[in-house]
Visitor: 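Could you have a look at this structure, given as structure tokens, before my questions?
Read the numbers this way: they start at 1 and go in the same order the structure lists the ligands and their atoms. When reading the values below, keep in mind they use all heavy atoms of this one structure, side chains included, and skip hydrogens, waters and symmetry mates. Positions are given from 1 along the sequence. Since the structure is predicted, the reported quantities are computational estimates derived from the model, not experimental observations.
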Amino acid sequence: MNVNEFFKIDNSLLELDKKAQDSCKDIFEKIDATTEYNQLKVLKAFIDNGVSEASFAGSTGYGYDDRGREILERVMADCMGAEDSIMRHNFVSGTHTLTVALFGVLRPGDKVLVLTGRPYDTITGVFGIDEKTDGSLSDFGVEYHQVDLKADGTPNHEEIKNRLENENFKMAYIQRSRGYSTRPTLTIDDIEVLCNIVKSTSPDTVIMVDNCYGEFVEKKEPTEVGADLIAGSLIKNPGGGIAPTGGYIAGRKDLVERCACRLTCPGVGKEVGATLGHSRELYLGLFSAPHVVGEALKTAVYASALFGLMGYKVSPEVNENRGDIIQCVTLDTAENLVAFCQGMQSGAPVDSFVVPEPWDMPGYTDPVIMAAGAFTLGASIELSADGPLRPPYAAWMQGGLNFHSAHAGVLLAAQKMLEKKGN
Ligand SMILES: *Cc1c(COP(=O)(O)O)cnc(C)c1O
């Protein structure tokens with residue numbers, strides 16, 4: 001045990017820490033096996049596509065003939081088992097990337113069917129679900145439809161089949177990660193089942209998956225089990241903690257081309273886009289991603305074990321299959337939630353001296369508290385946590401560039417909770 005040489009941790013907590021780490025051993029071995037598989041998959045993609053030092057050179061202006069950019073997009077396609085990809089720093093966020101993909105594929109009059117209940121908060125405005133937000137898909141005449149999840153939080157297969165049999169949908173949309181909801185995350189097997197239902201019922205319907213937080217968690221990606229198009233953020237899993245910003249879209253070549261024509265211009269597509277100096281970071285981040293995702297997964301599993309032993313409700317549980325890097329811990333009281341975030345922040349490599357407080361975030365009904373001490377602003381592949389100040393006072397945490405430091409961050413979150421209780 002080294003952590004108490006550097007940080008003050010109560011003996012009672014050190015005992016729980018040891019127990020928690022012991023209970024994680026077998027799961028860590030499984031995570032390592034997946035990491036190794038995905039790391040070799042990525043390495044092979046680098047080799048097969050002949051990545052060289054010249055690939056890192058940046059372009060300026062229009063970015064014509066940027067070989068490094070073209071090779072990176074071949075590498076990413078291979079990593080995702082897809083025909084083609086766009087991977088650019090020009091995407092400003094995950095939401096922007098998903099928006100480009102949706103607008104790239106859909107046309108006025110088209111109907112979308114979301115198979116996994118109400119989507120992630122920021123996407124609701126893109127569809128224009130509650131109101132016809134200016135510039136939303138509904139503003140452009142794309143019809144939104146949704147099949148609610150069943151009471152247990154899993155997709156309603158019968159209802160999905162029924163809707164697809166009776167109506168004409170251009171796109172079936174799946175959200176892989178739970179996001180900040182309490183439903184279970186979809187595993188790749190779950191996604192494969194959904195893809196088979198869509199393909200057997202309505203073969204022309206495009207299957208798109210919001211792949212945020214899911215990349216490299218399992219040995220396959222949705223594009224390897226039937227999805228036509230996936231998209232995600234580079235300040236989450238596939239950026240490996242190194243990409244400074246950006247996103248990617250991968251999938252069927254014709255669909256990726258349509259998305260490229262939306263990102264840049266019709267008729268121009270993937271041929272332009274200066275990489276400035278960012279190609280090397282995107283390559284290095286992608287190369288590191290399987291390992292970093294493994295570290296983040298270990299952090300989530302460990303936190304599940306530790307807070308479970310402390311008597312709190314955790315989801316997923318230690319032994320549960322995981323489809324993303326998110327861990328939810330139900331902390332029961334507002335003091336616990338605040339202490340948890342403050343303790344985690346105190347163990348961050350950046351801004352450790354900042355004391356987070358709950359604040360009224362635009363768009364949220366209750367005050368929210370966040371812990372984030374990251375090299376990249378808002379990067380949730382780095383150890384971070386947040387939660388709304390309302391019962392059951394759940395903290396959603398994710399990330400961790402390496403287990404050793406993230407382990408200390410989680411332990412400090414628990415330590416702060418003990419200290420607050422003692423007072
Ligand atoms: C993070 C995330 C997004 C995109 O969010 P940004 O903050 O815009 O990057 C979309 N869907 C899910 C499920 C996510 O986790």
Visitor: So which bit of L98 gets within less than 4.0 Å of ligand 1, heavy atoms only: side chain, backbone, both or neither?
Guide: side chain

Visitor: Side chain, backbone, both or neither: which part of H96 comes within less than 4.0 Å of ligand 1 when only heavy atoms are counted?
Guide: neither

Visitor: Determine, using ring centers only, whether F127 and Y173 are less than 6.0 Å apart.
Guide: yes

Visitor: Give the contacting part of D210 toward ligand 1: side chain, backbone, both or neither, where contact means a heavy-atom distance below 4.0 Å.
Guide: side chain

Visitor: For the pair F403 and H407, name the ring-plane relationship: parallel under 30°, tilted 30 to 60°, perpendicular over 60°.
Guide: parallel

Visitor: Identify, for atom 1 (C) of ligand 1, the protein heavy atom at the shortest distance, and state residue, atom and that distance.
Guide: K236 NZ, 1.2 Å

Visitor: What atoms of ligand 1 come closer than 4.0 angstrom to any heavy atom of Y213?
Guide: 15 (O)

Visitor: Taking all heavy atoms of V105 and all of D110, pick out the closest pair and write down the distance.
Guide: O-OD2, 4.3 Å

Visitor: Any idea which protein heavy atom is nearest atom 9 (O) of ligand 1, and the distance to it?
Guide: G94 N, 2.8 Å

Visitor: Suppose we measure from atom 7 (O) of ligand 1 to each protein heavy atom; which comes out shortest, and what is that distance?
Guide: T95 OG1, 4.4 Å

Visitor: Would you please classify the geometry between the H278 ring and the H89 ring as parallel, tilted or perpendicular, with 30° and 60° separating the classes?
Guide: tilted

Visitor: Give me the atom names and distance for the closest heavy-atom approach of Q146 to Y144.
Guide: OE1-OH, 2.7 Å

Visitor: Show the atoms of ligand 1 that are less than 4.0 angstrom away from any heavy atom in Q175.
Guide: 13 (C)

Visitor: Under 6.0 Å from the NE2 atom of H404, do we count more than 12 heavy atoms belonging to anything else shown?
Guide: no

